[in-house]
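In what follows, every heavy atom counts, from backbone to side chain, and hydrogens, waters and symmetry copies are set aside. Each chain gets a letter, A, B and so on, in the order the sequences are listed, and its residues count up from 1.
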Amino acid sequence: MLSVSGLFKQYISHDGTPGGGVFGADFTLKEGELFTLLGPSGCGKTTTLRSIAGLETPQKGRITLGSRDLFNSQSGVNVPMYDRDIGMVFQSYAIWPHMTVYENAAYPLKVGRKKKYSGAEVERKVKEALDMVGLGAFIQRPSTQLSGGQQQRLALARAFTREPDLLLLDEPLSNLDAQLREQMRSELKRLQKETGVTAIYVTHDQSEALAISDRIAVMNEGKIVQLGQPKDIYNRPTSEFVAHFIGRTNLIHGEMAHDAVAEATETVATPLGALRCFFPGTAKARKDIAIVVRPEHIRIRKAGAALEDGDNRLTGRLKAETYLGEIVEYVVDVAGKEFLVRTPFVQPIGPGDAVTLSFAPERTIALLEA
Amino acid sequence: MTTAPEAWDGAAVASRRMWWRRVRELAHISPIVAVLIGLLLVFLLPPTIYLIKASLYTTKPNGTFDQFTLRYYAELFGNPRFFQNLWNSCVYAVGSAAVALSLGTLQAWIVERTNTPLRHYVFLISIISLGIPSVLYTVSFLLILGKAGPVNQLLMWLADSPVPVINVYSMWGMIVVEGIDFVPLTFLMLSAVFHSNDASFEEASMMSGAGIVETFRRITLKLATPGLLALLILIFVRAFESFETPALVGRPGRINVLSTDIFESLRNSIPPNYGQAGAFSMVLMAIVIGLLAWYNRLSRDAAKYQTITGKGFRPRAMDLGKWRFLTAGLLILMFIVIIGLPVGIVIYASLLPYYGGVTLASLKLLTLSNYEQVFASGSFKDAIGNTLILGAATASLVCPLTAICAWLSARRYRGAWMLDQLATMPLVFPAIVMGVAFLYVFLQLPFGLYGSLLSVILVSMVRYLPYGMRSSYAGVLQLHRELEEASGISGARQATTFLRIVLPLIAPSLITCWLFVFLLSVKAVAAQILLVGPRSQVIAVTLFDLWNNGQVTELAATGVTWMALMTVVSTIFYLIARRYGLSIR
Ligand SMILES: Nc1ncnc2c1ncn2[C@@H]1O[C@H](COP(=O)(O)OP(=O)(O)O)[C@@H](O)[C@H]1O
Ligand SMILES: [Mg+2]
């Protein structure tokens, strides 16, 4: 469907000093997929999206949509944005204030040169798109009289009217309040599945990304650092950056004496004792390896309670507990290192008590990348 | 990672690279940009070249250049009067900038920062006063402060003196008149400076126990300093090159400045001394270029200061308590001095058969005959018609042209940085110099442009390009980039995007631009006075000639009629601006 390879775009500030951007991104989208670019602010998500849309000209790389080159630095192809047949929802929505709702949504059908639409056709398509996003009743409203959420829907309808091959969404929900954001999130996902459009979704919000995506590419400092399904990104991070960026995590450094086999467990010696860890890929024996355990994968018990066999176990002292409503958060001191534990089950323990922590080896993930 | 010395070197390399990039850009310039650059060059290059040549060549009686010579410069620098007049120019410019800035600052602070009653009217009044021709304004002060004027009458009576006590045809007279003339414009620009500084800084100061005066001095003024300084230089430049006041107030008192020197070398010597005027112009221009470079540096700093204002920005009025009646009194007093008296005296003079000061006896003579005469005169109607055409044509040429230039340059089209530079370049031409430069060009051109209304319009257009650019740029900068990008993604080409998205959205600032350029272009006389002929009389020049012929009452009647017309225009402008929430700053 869409394939991006070796995409390189560095901004040069107006006095000539090189700045941020994207430094070599590769990914391929499948038909009908919702693909997310996730990363902290300034990591190059928008730059990637704008390069695909044709709003920026990359210095290097190749972008192919279907069988057509949109950009190819080698052959010098650079299709102008108005010929790319891509729909885009901007972070600011970019609703034109001097037009009505109808005029905004009809604009792409009127200005496009590739395909001419008759008046009746335009009307039908615009109505369809507006009905789809639930704005059917607002068709003749001046667009300045829309609320934030309605503007967002209109921006979506406008991107859909031309039935684009690809839909780009740049943090479409970040300007909405929390409640509306969740509602729009599921609605977006529904619309995308209904229409079957292939979409790239950009966000810096990890829970949003996990909830909505078919696949996620996590970006950092202009590079894609991990690409995979939400559950893999969450459960099998490959680097400290991804582990920390997606949810809270406990990090332990250790040493491994033997080579590890892919998709199997291997023992790692840590200052807290030997732990059996899961290796998503092969790894050579080495002096320093980082392993992570998610706080919600740890079980906490009063010291001495019976435990499942085969689990890693650590003993420590409870330092603090915090009720967060649906879960409880415990901070445990294990040999001078703080461990975070989150569980829905309140335990009969209090600060100062000796506790045992246990977690399954397949939840103890070795980070293959430094 | 770069170490500190490398970083320092890097900055130098970076700035060299930027220039190189910019020059290289010109090799792949967008066609539209190239066309516009060409158009601007057609208007800017010939006058500049002719001006330089005129100062370096002798001129034949038919106006063509003859032999290379440095004589004109030698004469200029060899003449002690030149240095005297240069000194006069400086004293005059510093003095009037000081007057304008102190009154303008006070006014702007009262209006933008306090809860003084009546403060909102100052905008309307300032805009109306923009419509008063400079010549008329200067004349009105001469009528008030002159030998036979009410001020001297009062002082003679008080001091029991048989001769006039004050002589307005002096340096202080020039300073006062020019300074006060600049107050409305200073106010409009300053209110923007005050407006963009966050009131919470002042509130923090008051909470720390500082009083209102203390806060004004230590916080408001300090924060506004870069903006104020930049404005000070701008007014200084404008006063330095100004022509009306030196011509009408200075010359009778034998106080000459550079701009009147230029005028005299062309008008009062036979044949016109083009070489001398050229040399004078080059000197005046060199000084103005230097000052503007300084201004640019300062206003960049001012912009930096203004980035202090961020999200929590809210301009709010300070409660002055009872003192607000004092500030209201000040506003009224300033209104009387700046508008009330000048307009009053002109109206009064327009109703007299001859002007002899304000006396009871003359009240019996009141008559409308001046108006009858003016309305009966065909040349007056021509002048009105010509002036309206001049203003409308100038504004209609300048605004669309600068709108395109500003957009191309704000959106970094290849080579568009040059459009920006070229459109701002006319600022370095003092008005009278621009008149001289174009005079040379029109004299050489075969198709009889000289003396036509079209020639006056063209010069006016060039002169107000920078003003249009400033206003259009502000409009384009407010436009969120994504509004245009959304159009491009929708399948629209650049031209469609410009016509269907950009133009409608910057329409409000285009309207403001149009009316400002209209008002400014019909107000001043300096750029036009050397160019108008019998076929192209305009109001400002008519008024100037009437004064020089001693036809004071006819001048007054003509002026009042024109002012009435302009007041209608300004008020409509003001109302449109309020209605659509346009910025009038
Ligand atoms: N127009 C621009 N000019 C210069 N630098 C830019 C520009 N746009 C983005 N950048 C820089 O490029 C980097 C990536 O920006 P962006 O793609 O917008 O990040 P994200 O969308 O992930 O927050 C940042 O360091 C940003 O400062
Ligand atoms: Mg972004």
Side-chain angles (χ1 to χ4, degrees), chain A residues 12-19 46 49-50 52-57 79-99 103-117 143-144 151 154-155 157-162 164 166-168 170-171, chain B residues 1-2 6-25 28 30 300 409-414 416-417 420 475 478-510 580-581:
Chain A
I12 313 287
S13 73
H14 64 268
D15 64 0
T17 38
T46 299
L49 213 58
R50 289 171 61 87
I52 296 170
L55 295 167
E56 303 285 354
T57 309
V79 178
M81 60 177 155
Y82 48 77
D83 279 338
R84 289 198 179 189
D85 285 323
I86 287 176
M88 180 157 178
V89 174
F90 290 83
Q91 193 169 2
S92 68
Y93 310 146
I95 297 300
W96 300 303
H98 61 299
M99 299 183 184
E103 286 166 336
N104 262 285
Y107 186 87
L109 300 179
K110 287 183 178 161
V111 296
R113 295 240 189 121
K114 273 212 189 140
K115 212 168 149 193
K116 292 283 167 212
Y117 298 90
S143 58
T144 44
Q151 284 188 27
L154 177 53
R158 184 177 65 189
F160 268 121
T161 37
R162 255 198 330 172
L166 178 68
L167 183 64
L168 307 177
D170 191 357
E171 313 222 5
Chain B
M1 286 294 114
T2 48
E6 273 172 25
W8 187 83
D9 265 331
V13 172
S15 88
R16 261 203 307 280
R17 245 184 307 183
M18 167 177 74
W19 271 105
W20 179 229
R21 255 162 56 107
R22 285 186 151 194
V23 173
R24 249 190 346 200
E25 239 180 64
H28 319 271
S30 330
R300 262 208 307 274
S409 135
R411 295 299 176 238
R412 302 256 163 91
Y413 273 69
R414 283 174 198 276
W417 58 271
D420 192 17
Q478 282 172 6
L479 206 59
H480 198 308
R481 216 191 146 108
E482 292 186 347
L483 289 171
E484 292 160 40
E485 292 175 346
S487 166
I489 294 283
S490 299
R493 277 131 219 265
Q494 278 101 333
T496 313
T497 299
F498 185 78
L499 290 176
R500 295 189 61 165
I501 306 293
V502 179
L503 219 47
L505 289 176
I506 63 170
S509 61
L510 275 184
Y580 293 103

At a 4.5 Å cut-off on heavy atoms, which part of B:Ile501 comes close to chain A: side chain, backbone, both, or neither? both
Could you go step by step and tell me if A:Phe90 and A:Leu49 meet the side chain to side chain contact (heavy atoms under 4.5 Å, CB included) rule? CA-CA 10 Å; A:Phe90 290 83; A:Leu49 213 58; over 6 Å; no
Pairs of heavy atoms under 4.5 Å with chain B: top-ranked of A:Gln91, A:Lys110, A:Arg84: A:Gln91
Grab the two heavy atoms, one from A:Ala94 and one from B:Ala486, that are nearest each other, plus how far apart they are. CB-CB, 3.9 Å
Using non-hydrogen atoms only, which part of A:Ile86 is less than 4.5 Å away from chain B: side chain, backbone, both, or neither? backbone
Please give me the minimum heavy-atom distance between B:Leu510 and B:Leu503, naming the atom from each residue. CD1-CD1, 4.0 Å
Given a strict heavy-atom distance threshold of 4.5 Å, which part of A:Ile95 is in contact with chain B: side chain, backbone, both, or neither? backbone
Looking at every heavy atom in both A:Pro97 and A:Ser143, which two are closest together, and how far apart are they? CA-OG, 3.7 Å
Does any backbone or side-chain atom of B:Arg481 lie under 4.5 Å from a heavy atom of chain A? Answer side chain, backbone, both or neither. side chain
Would you mind telling me which of A:Val111, A:Asp83, A:Val89 has the largest number of heavy-atom pairs within less than 4.5 Å of chain B? A:Val111
A:Ser92 versus B:Glu482, side-chain donor and acceptor atoms under 3.5 Å: yes
